Amino acid sequence: AVDAETARAFAARVLDGALGEGVGARWQEGGFERPKCANCGEGYDSEAWHLSVCPAVGASSALGEGDAVVLTNLSSAAYNGREGTLESFNRQKHRWVVRMGEKQALFKAVNLQRKPASS
């Protein structure tokens with residue numbers, strides 16, 4: 001992953017080359033900041049697009065810390081249907097840390113389904 005400062009410097013050089021010297025500096029002075037995903041930490045321009053590719057988003061909905069989830073579509077069928085709670089998103093491994101009783105395990109978002117809120 002590229003840090004934000006390197007990305008801004010690159011963008012400024014591209015703008016200078018495409019639109020003329022100094023355009024990049026004026027763009028940087030404008031203070032533009034891309035929104036960042038609270039879970040995976042990546043910046044994005046379109047939230048809808050980001051949600052379609054974000055490794056922290058589940059198969060059916062966005063997930064967040066504290067959500068109660070059910071494990072689904074795992075190759076080891078013995079784990080399917082087990083329930084747990086999302087503790088955090090491991091950005092390096094692109095997996096959710098799921099607490100199941102006294103144990104923690106890492107799972108891809110596509111294998112987690114948020115449980116409906118009980119009424």
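On a predicted model such as this, the values are computed, not experimentally measured, just so you know.
A56 and N39 get closest at one heavy-atom pair: CB-CB, 3.5 Å. The two residues R91 and A38 make their nearest non-hydrogen contact at NH2-O, 3.3 Å.
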*asked:* L106 vs K93, test: side chain to side chain contact (heavy atoms under 4.5 Å, CB included). Steps then yes/no.
replied: CA-CA 9 Å; L106 296 171; K93 295 187 177 189; 3.7 Å; yes
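Between W96 and F89, a ring centre-to-centre spacing shorter than 6.0 Å is recorded.
You'll find the side chain of V97 stays beyond 4.5 Å of the side chain of L86, heavy atoms only. Using a 4.5 Å cut-off on side-chain heavy atoms (C-beta onward), L112 and L63 make contact. Residues M100 and L71 form a side-chain contact, since some pair of their non-hydrogen atoms from C-beta on lies under 4.5 Å apart. Looking only at side-chain heavy atoms (C-beta outward), E5 and F10 stay at 4.5 Å or farther from each other. A 4.5 Å side-chain heavy-atom check between V23 and R26 finds at least one atom pair inside the cut-off. Here the side chains of V69 and Q113 are not in contact, with every heavy-atom distance at 4.5 Å or above. Between E65 and E87 there is no side-chain heavy-atom pair separated by less than 4.5 Å. The shortest side-chain heavy-atom distance between K36 and E42 does not fall under the 4.5 Å cut-off.
Listed for the R99 side chain is no donor-acceptor partner under 3.5 Å among the backbone atoms of A105. Counting only distance, with no hydrogens or angles, the side chain of N111 and the backbone of N73 share a donor-acceptor pair below 3.5 Å. A donor-acceptor pair is defined here as one N or O able to donate and one able to accept, closer than 3.5 Å; no such pair exists between the side chain of D67 and the backbone of R114. Looking only at distances, no side-chain donor or acceptor of R82 sits under 3.5 Å from a matching main-chain atom of N80.
Linking ILVMFWY residues whenever their side-chain heavy atoms come closer than 4.5 Å, directly or via other members, places W27 and L19 in the same cluster.
Expressed to the nearest 0.5 Å, how far SG of C37 lies from CG of L51 amounts to 7.5 Å. Separating the OG1 atom in T72 from the OH atom in Y79 is a distance of 15.5 Å, to the nearest 0.5 Å.
Every residue two or more places apart in sequence or in another chain was checked for a side-chain contact (heavy atoms from CB on, under 4.5 Å) with T85, and none qualifies.
Classified by interplanar angle (parallel below 30°, tilted 30° to 60°, perpendicular above 60°), the ring pair H50/Y44 is parallel.
Under a cut-off of 6.0 angstrom, the local environment of CD in E47 is sparse, with at most 12 non-hydrogen atoms contributed by other residues, nucleotides or ligands.
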